[in-house]
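Below is one structure, written out as structure tokens, with a few remarks after it.
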2 protein chains.
Amino acid sequence: MTTQKDVAEKAGVTVTTVSRVINDRGYISEKTRNKVYQVMDELNYRPNAVARSLAKKKSNILGVILPVVHHPFFSSLLSYLEEYAYQNDYKVMLCNSQMNAKKEKEYINMLRAQQVDGIFLASHTLDIAAEIKVDLPILSFDRKIEGLPYICSDNDQGGKLAAEHLLEQGAKKLAYIGGSLKLNLLSNQRYYAFKERAAEAGLTVKNFQCQLDSFNRDQYQQLAVNVFKKNKAIDGIFASSDLIAAAVIKVAQKSMINVPENLKVIGYDDIELAQLYSPEITTIRQSAENIAQKSVQLLLKLIAGENIDRRTVLNVELIKREST
Amino acid sequence: MTTQKDVAEKAGVTVTTVSRVINDRGYISEKTRNKVYQVMDELNYRPNAVARSLAKKKSNILGVILPVVHHPFFSSLLSYLEEYAYQNDYKVMLCNSQMNAKKEKEYINMLRAQQVDGIFLASHTLDIAAEIKVDLPILSFDRKIEGLPYICSDNDQGGKLAAEHLLEQGAKKLAYIGGSLKLNLLSNQRYYAFKERAAEAGLTVKNFQCQLDSFNRDQYQQLAVNVFKKNKAIDGIFASSDLIAAAVIKVAQKSMINVPENLKVIGYDDIELAQLYSPEITTIRQSAENIAQKSVQLLLKLIAGENIDRRTVLNVELIKREST
DNA sequence: ATGAAAGCGCTAACAA
DNA sequence: TTGTTAGCGCTTTCAT
């Protein structure tokens, strides 16, 4: 392994000088600088980031904790997080908590040990890992956690838009299908807002929830089957994710219920599947790209010691497609 | 920040002793050990992984370079890579090369600088980053790169199975739709094997390729539109991924072509979408979980200095569903 | 404009 | 069984 010392010796200077040209700090003669660059090139030298982290007490690494990475929305979010991190000279260390509170806590500690400069935390555990008493900048996604700033999409507006759209399309018997409300996520607000808006129009909303260990395709479909078994009259469904919406549509079609003629379905997220599905799925779009960009920006501010709002809410919009 | 020194002082021992109990190395009295544990607890101490990496010249980090992370197959692969890495006390640093050769090279250098112990490389660039002359263990996925061991699913078998299945289902006019063959990926073999098996049955195969910057939903659909515009008679399509298969089915349905009555479609991967789509998509299953598990295992062997086969091929299987 | 030297937090000989 | 000490590769203060 080539070190600064090797470069220094070959260039006939000291490590201090090499360090200076690498970090572009202090005065260095053009001649020396060029010589050092040349030798670094010849030796294919790359500074050891570990040693540098130790000396500078800064790793330039962001930890990202997700409840699940194979979910289209989260993988898209992750992709953008990586992109924006990279643009800002940060690397991403990935943690997949799988909705396990213990694993989540372990991951937080692991990231702390790893000296990451900040953490993006999408916590989906019951036993809220609220004992998060870390001195590290942490940004929480879609969840309020005591003492931490958080970011989320405008779930309230999303629920409202979904209700208004279904009403406009003439739906009378409404249902909501989503993840467990017990998880106390901010996204639960989608349901409450939906229900409230429906109530204003004099309608009630049947509520169906997945079990805790959500994000499971089979479970979505099973749930959809149950919905139709007991409630043949439902003609408007708001699903809390496009994945669930797709499962609903699939099961409806199998039950000879036409979408959108007899049943209107609206999802949430606007993942690629929504446009790929047949019929294309109407949805409430929350932009993973915007969330990621804003999140990285907020984390960098926190890392720089600046203050940020405790709460950041990003817009959503209705994307009308074929399923309503 | 709490350091070993703090723990040592409070426990009335030296850092060596603390290090020993942490690493469970050498002789230590029960009494001392307990005292140290207790103090570590009180101080909420966690060893600094950066310092440890520097001293041990081992980071316990695996680099993962993917061409795209929001693609269902890759995100699933990533999820499992993280899981198996974690089980073996390794962390994952994520890199999203976005099919850009320059970015890919930069990432390799970055990971080297970061002192990762090994790299999982899924390279999808034209200008093959073959100048990969790194002394680090690198496992290549789905691509032969000079000097590197590689892992892939049995693409040859996959193509063969797809052809045989379509033939059995009575298809006569075959087509293949996939990513650009120019990329020189091992997955191209799916096409060659498919074509060969069709030829044995006296059939030719129309070949449609995406442009280089693949993994794009709109492009898939556009391509499918073109296929049907020019070739109304096609009755059997092998798509090189389930995502492409879904796009094909959707466009077919819009063109009033019934799947599977008039057109049989088979995909590849067996991502969740395949079972969620309507009709459910017949596919060649390559297990992301198996690939990830085997990959981590191989990388750990390489890191341990053991020899591994230059070539590791994992089984695929036909999953019959509704689209054929 | 450049160098010497201390220190980041930890591990690992070598001593005792 | 425990301590002393010298690094790991880099940054940074203080000299020169």
Side-chain angles (χ1 to χ4, degrees), chain A residues 1-37 39-40 43-61 89 109-117 135-136, chain B residues 1-37 39-40 43-61 89 109-117 135-136:
Chain A
M1 197 213 178
T2 326
T3 72
Q4 235 175 42
K5 202 174 155 208
D6 301 324
V7 176
E9 282 170 4
K10 186 154 180 194
V13 295
T14 61
V15 290
T16 313
T17 305
V18 177
S19 174
R20 282 208 183 92
V21 352
I22 288 172
N23 295 288
D24 205 18
R25 197 192 299 292
Y27 303 93
I28 290 166
S29 71
E30 263 319 295
K31 199 179 144 214
T32 312
R33 181 192 307 274
N34 290 334
K35 178 67 183 167
V36 170
Y37 273 134
V39 173
M40 291 201 307
L43 266 40
N44 190 22
Y45 168 76
R46 278 236 130 190
N48 181 325
V50 172
R52 186 192 285 221
S53 296
L54 183 59
K56 296 182 83 152
K57 290 169 162 294
K58 181 157 192 319
S59 64
N60 273 46
I61 297 177
D89 200 27
N109 279 324
M110 185 273 271
L111 290 174
R112 188 164 69 100
Q114 212 63 235
Q115 312 300 116
V116 302
D117 295 334
D135 42 358
L136 206 84
Chain B
M1 195 211 180
T2 325
T3 72
Q4 236 176 41
K5 201 172 154 210
D6 301 324
V7 177
E9 280 169 4
K10 185 154 181 191
V13 295
T14 62
V15 290
T16 314
T17 305
V18 177
S19 174
R20 279 209 185 90
V21 351
I22 288 173
N23 296 287
D24 205 17
R25 197 192 301 290
Y27 304 92
I28 290 166
S29 72
E30 262 320 295
K31 198 178 146 216
T32 312
R33 180 191 309 275
N34 290 335
K35 179 67 183 166
V36 169
Y37 273 134
V39 174
M40 291 201 307
L43 266 42
N44 190 21
Y45 168 76
R46 277 237 130 190
N48 180 326
V50 171
R52 187 194 283 220
S53 296
L54 184 60
K56 298 183 82 153
K57 291 169 159 296
K58 184 158 188 317
S59 63
N60 273 45
I61 298 177
D89 200 27
N109 279 325
M110 184 274 270
L111 290 174
R112 189 164 68 100
Q114 212 62 235
Q115 311 303 113
V116 301
D117 295 335
D135 44 356
L136 205 88

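The structure displayed is predicted, hence computed values, not measured ones. So you know, we letter chains A, B, ... as the sequences are listed, proteins then strands, and number each from 1.
- The overall bend of the helix from C:dA1-D:dT16 to C:dA16-D:dT1, read as the angle between its terminal helix axes built from five base pairs each, is 40° when rounded to 10 degrees.
- Heavy-atom minimum distance, B:Ala113 versus A:Pro47: CB-O, 3.5 Å.
- A donor-acceptor distance shorter than 3.5 angstrom exists from the side chain of B:Asn60 to the backbone of B:Asp89, with no hydrogens or angles considered.
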Exercise for the section: In sequence, state the C-alpha distance, the side-chain angles, and the governing distance for B:Ile22 and B:Met40, and then conclude on side chain to side chain contact (heavy atoms under 4.5 Å, CB included). Expected result: CA-CA 10 Å; B:Ile22 288 173; B:Met40 291 201 307; 4.0 Å; yes
Practice task
List the steps and the verdict of side chain to side chain contact (heavy atoms under 4.5 Å, CB included) for A:Asn44 and A:Thr2.
Solution key: CA-CA 8 Å; A:Asn44 190 22; A:Thr2 326; over 6 Å; no
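- If you measure from atom CZ of B:Arg46 to atom P of C:dG9, you get 17 Å, rounded to the nearest angstrom.
- Between B:Leu54 and A:Val50, the shortest heavy-atom distance links the atoms N-CG1, 3.7 Å.
- Nearest heavy-atom pair across B:Ala49 and A:Gln114 is CB-OE1, 3.6 Å.
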Practice task
Could you please spell out the steps behind the side chain to side chain contact (heavy atoms under 4.5 Å, CB included) verdict for A:Met1 and A:Asn48?
Solution key: CA-CA 10 Å; A:Met1 197 213 178; A:Asn48 181 325; 3.6 Å; yes
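- The heavy-atom pair separating A:Arg25 from A:Lys56 by the smallest distance is NH2-NZ, 4.3 Å.
- Nucleotides of DNA chain D nearest to B:Lys57 and B:Arg33 differ in position, and the one nearer the 5' end is that of B:Arg33.
- When distances run from any side-chain atom of A:Lys56 to the nucleotides D:dT11, D:dC10, C:dG9, the shortest one goes to D:dT11.
- The environment of A:Lys58 atom NZ is dense: over 12 non-hydrogen atoms of other residues, nucleotides or ligands sit within 6.0 angstrom.
- For DNA chain D, the residues of residues 9-24 of chain B within the heavy-atom distance limit of 4.0 Å (strictly under) are B:Val13, B:Thr14, B:Thr16, B:Thr17, B:Arg20, sorted by number.
- As rounded to whole Å, 17 Å separates atom C1' of D:dT12 from atom NZ of A:Lys58.
- A:Leu54 comes within 4.0 angstrom of a base, heavy atoms only.
- A:Thr32 comes within 4.0 angstrom of sugar-phosphate atoms only, judged by non-hydrogen atoms across all strands, and of no base.
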Exercise for the section: List the steps and the verdict of side chain to side chain contact (heavy atoms under 4.5 Å, CB included) for A:Val21 and A:Thr32. Expected result: CA-CA 9 Å; A:Val21 352; A:Thr32 312; 5.7 Å; no
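- Between B:Tyr45 and C:dC10, a side-chain N or O to OP1/OP2 separation shorter than 4.0 Å is present.
- When rounded to the nearest whole Å, the span between CE of B:Met1 and C1' of C:dC8 equals 10 Å.
- For A:Arg25, the listed nucleotide lying nearest its side chain is D:dT12; candidates were D:dT12, C:dC8, C:dA12.
- Distance, B:Asn48 CG to C:dG7 P: 18 Å, rounded to whole Å.
- In this structure, the CZ atom of B:Arg52 is 19 Å from the P atom of C:dC8, given to the nearest Å.
- In terms of phosphate contacts, B:Gln115 brings no side-chain nitrogen or oxygen within less than 4.0 Å of OP1 or OP2 of D:dC8.
- An OP1 or OP2 oxygen of D:dC10 is reached within less than 4.0 angstrom by no side-chain nitrogen or oxygen of A:Lys5.
- Between A:Ser29 and C:dT2 there is a side-chain polar atom (N or O) within less than 4.0 angstrom of OP1 or OP2.
- Atoms OH (A:Tyr27) and P (D:dT12) sit 17 Å apart, rounded to a whole Å.
- To the nearest angstrom, P of C:dT11 lies 12 Å from CG of B:Asn60.
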